Peer 1: 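This is the structure, below, for whatever I ask next.
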Amino acid sequence: MTSKDRQIATSRRPFGEGALTTDQGIPVDDTANSLRAGARGPTLLEDFHLREKLMRFDHERIPERVVHARGAGAHGYFQVYEPLDEYTTADFLTDPDTRTPVFVRFSTVQGSRGSTDTPRDVRGFAVKFYTRQGNFDLVGNNMPVFFIQDGIKFPDLVHALKPEPHNEIPQAASAHDAFWDFVTLQPETMHHVIWLMSDRALPRSYRMMQGFGVHTFRLVNGHGHGTFVKFHWKPTLGTHSLVFDEAQLISGRDPDYNRRDLWEAIEAGEYPSWELGLQLIPQERVFELDDIDILDPTKLIPEEVVPVTPVGRLTLDRNPDNFFAETEQAAFCVGNIVPGIDFTDDPLLQARLFSYLDTQLTRLGGPNFTQLPINRPLTPVRNQQQDGLHQDVVPTGRANYHPSSRGGTMQVGPGFVTYPEPVDGPKERKRSETFAEHYWQATLFWNSMAPWEQEHIIAAYRFELGKVGEMTIRVRAVEHLNRIDHDLAVSVARGIGVEEPVKSIDNHGRSSPALSQEQHDGAGSPRTRRVAVLVADGADARVIALLRDACTEVGTSVDLLAATDGTVTTSDGVPMEVTRAMSTTSSVLYDAVVVPSAAADLSADGVAVHFAAEAYKHGKPVGAFGRGLDVLQRAQIPLTTATTDPALIVEEEFTPDFPHTLLTAVSAHRNFDRDVTGIPA
Ligand code: HDE
């Protein structure tokens, strides 16, 4: 239990204990019948209980976040490995014995609060550290760059991205004219757009995605010396994604897919964790970073140029007690910064410093939102700020000003000291020349992708642009792609009815291997993965038990799915309970599918056949033995490719090696090199 947990505990009020009362504490004798003039007569205005109950209900909603409206949060802690005094005085980064409590909220960007978890979208990764020097909020995303260079364009970007103004369509989707119109007229977006077209926009789990602070920040040590820094979160479970078709299907089958996954993992004690990594750039080296202005948030610094140093670990170990009170009311503010960390002049960051505090006023109804349990710092708050809607404390005394000789002797300093960076310049609305190039890092990203990642990117551009009605916008998009990579532009053009462009620029050929998700799969683990086993009458209970035991031993869960809920009869004639009926779930909610042998012919069941075909189509491990092979054959899965496909595990009969081979494939996530063009799922 962290100190933040203990603080929040003082605000808990369990449902269902003691006498039912009104908000005024008056005991209620009946909460099911309003006060009427006779049993069949009209309701009386004096019914204060009815009025209060409806008034409270009528006002339950608060404005949703204008972006990042849909999210999920969790509590946890952060611990630094070694003191980082050389770089910073921030307490939580210099004391390895301290577990700093955190609250983390993950989110999608485009959709409204009730939208789905799995659109093609950027994900938010916002961390509130309750440090001993006050709250530090690292409000990041799961992609290291941003669409625009200057915050003044943010309203335009978001208007273009969100549903169109006349009919509020489409929900949680960038595949529409407005978005592509805007980005193709604003070439600085091209780098982030290619990230958005990649599988990074479809995380398999919040627990399996990276996080980035995006902007360059500054660490400041005890001597006042500054070091530029970029923040990285690397998930212990590796970085893994869904495929787009699967993500779209999940949107219907389980719109809460990512938030359920986070919740269930924490409930099961499978605490997700991330390593905090820092890219540290001595101030003197800034101009050695070829072609990169560290103030430009549309550029990343390749890890091969400045390595990411692991410095600590974030662990999430407690689900919120109440979604609204905690996750919805959490107010992240980029301006919440502690001594030892400071901002830079990145113009996107500078605009954010205004926006977050501002938006909370509307969203949380006034300036006292810092008093809400989830936002309250652990450190004492002492100042002369006062009044406003929802003041939750009772300030005492008369010295509500500073300085004062009438009590209220709060000392000012030592405290946060702004890094004394000299600034000088004419007032002008102008962008630095060093921000002018917009394509080379998009090319770097493209060059760094594995062939399957490139295929997914091409398919994504084709899908998105294929939904764009205005041909001129499609043509403009292809022109931009031609400046990123000619072959990419040609492949996309062919899919969307646009004339192939003429090659105009040579690809620079540079790459950054760390950008490929293939590099992250090494960290794969079978823990918390989900395997579906399709069973029918005549299944061999012994074999299924062996399979299940091998899986649970390494933290992989197994669901037994049958044609109907209830039981199937095993080959020994004994009833075996199934987890649920196949028809109530879907292959897209599992990481792998196994079809064991059974007496009953599952290959005649279209649901089972589709289950296997769909899993195969999505690159998942698919295993079968004995009569289970018939299902794979009906699904048109080319069994002969099993010799070269490590995720297609087919055997004449079950062997003791089967679970091991399956779990190795599950750890590797998917086989995206599989040719699935002919599979009819
Ligand atoms: Fe945000 N952003 N943003 N953003 N952002 C908000 O604040 C904004 C940007 C990010 O879980 C809003 O409380 C501007 C970059 C996350 O509660 C708002 C600009 C990055 C979250 C806002 C940006 C982010 C937000 C909406 C350009 C990644 C969700 C509700 C200058 C580094 C936090 C709210 C949570 C939320 C403004 C750009 C991440 C309106 C003006 C870049 C993770 O204040």
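This one's a predicted model, so the numbers in the text were calculated from it and none came from an experiment. What you see below is based on every heavy atom in this structure, not just the backbone, and it leaves out hydrogens, waters and symmetry mates. Atoms within a ligand are numbered from 1 in the order they appear, just like the ligands themselves.
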Peer 1: Can you tell me which residue and heavy atom of the protein come closest to atom 17 (O) of ligand 1, and the distance to 0.1 Å?
Peer 2: Arg65 NE, 2.6 Å
Peer 1: Tell me yes or no: between the side chains of Arg120 and Ser174, is some donor less than 3.5 Å from an acceptor?
Peer 2: no
Peer 1: Please work out, at 4.0 Å between heavy atoms, whether the side chain, the backbone, both, or neither of Tyr356 comes within that distance of ligand 1.
Peer 2: both
Peer 1: Counting non-hydrogen protein atoms only, what is the nearest one to atom 37 (C) of ligand 1? Give residue, atom name and distance.
Peer 2: Ser355 OG, 3.4 Å
Peer 1: Go through the side-chain N and O atoms of Gln210 and Asn142 and say whether any donor and acceptor fall under 3.5 Å apart.
Peer 2: no
Peer 1: Please walk me through it: do Gln371 and Gln391 pass side-chain contact (heavy atoms from CB on, under 4.5 Å)?
Peer 2: CA-CA 8 Å; Gln371 297 177 2; Gln391 171 61 284; 2.6 Å; yes
Peer 1: Hey, is the main chain of His232 close enough, under 3.5 Å, to the side chain of Glu275 for a donor-acceptor pair?
Peer 2: no
Peer 1: Give the atoms of ligand 1, by number and element, whose distance to some non-hydrogen atom of Gly151 is under 4.0 Å.
Peer 2: 31 (C)
Peer 1: Atoms of ligand 1 less than 4.0 Å from Val214 heavy atoms?
Peer 2: 32 (C)
Peer 1: Mark up the atoms of ligand 1 that fall under 4.0 Å of a heavy atom belonging to Gly124, in ascending order.
Peer 2: 43 (C)
Peer 1: Quick check: does Ser107 get an N/O under 3.5 Å from an N/O on ligand 1?
Peer 2: no
Peer 1: What residue and heavy atom of the protein are closest to atom 34 (C) of ligand 1, and at what distance?
Peer 2: Thr359 CG2, 3.4 Å
Peer 1: What is the closest protein heavy atom to atom 8 (C) of ligand 1, and at what distance does it sit?
Peer 2: Phe154 CE2, 3.3 Å
Peer 1: Suppose we measure from atom 40 (C) of ligand 1 to each protein heavy atom; which comes out shortest, and what is that distance?
Peer 2: Val66 CG1, 3.3 Å
Peer 1: Does Leu348 approach ligand 1 within less than 4.0 angstrom via side chain, backbone, both or neither, non-hydrogen atoms only?
Peer 2: both
Peer 1: Measure across Phe463 and Ala175 and return the closest heavy-atom pair with its distance rounded to 0.1 Å.
Peer 2: CE2-CB, 4.1 Å
Peer 1: Is Asp58 salt-bridged to Arg61, going by a charged N under 4.0 Å from an acidic O?
Peer 2: no
Peer 1: Heavy-atom pairs closer than 4.0 Å: do any link ligand 1 to the side chain of Val139, the backbone, both, or neither?
Peer 2: both
Peer 1: Quick one: nearest non-hydrogen protein atom to atom 25 (C) of ligand 1, plus distance?
Peer 2: His68 CD2, 3.2 Å
Peer 1: Using a 3.5 Å cut-off and no angle test, enumerate the donor-acceptor pairs between side-chain atoms of residues 439-446 and protein atoms at least two apart in sequence or in another chain.
Peer 2:
| from | atom 1 | to | atom 2 | distance (Å) |
| --- | --- | --- | --- | --- |
| Tyr439 | OH | His480 | ND1 | 2.8 |
| Gln441 | OE1 | Leu300 | N | 2.6 |
| Gln441 | NE2 | Leu300 | O | 2.8 |
| Thr443 | OG1 | Tyr439 | O | 3.1 |
| Thr443 | OG1 | Ile484 | O | 2.9 |
| Trp446 | NE1 | Asp485 | OD2 | 3.2 |

Peer 1: For atom 43 (C) of ligand 1, what's the nearest protein heavy atom and its distance?
Peer 2: Gly140 O, 3.2 Å
Peer 1: List the atom of Val102, the atom of Tyr77, and the distance in Å for their closest heavy-atom pair.
Peer 2: CG2-N, 3.6 Å
Peer 1: Regarding Asp256 and Arg70, does a basic nitrogen lie under 4.0 Å from an acidic carboxylate oxygen?
Peer 2: yes
Peer 1: Please state which protein non-hydrogen atom is closest to atom 39 (C) of ligand 1 and give its distance, to 0.1 Å?
Peer 2: Arg352 NH2, 3.3 Å
Peer 1: Give a yes or no answer on whether the side chain of Asp150 reaches the backbone of Ile152 with a donor-acceptor pair at less than 3.5 Å.
Peer 2: yes
Peer 1: For the 3.5 Å polar cut-off, considering only N or O atoms, please tell me whether Arg105 and ligand 1 meet it.
Peer 2: yes
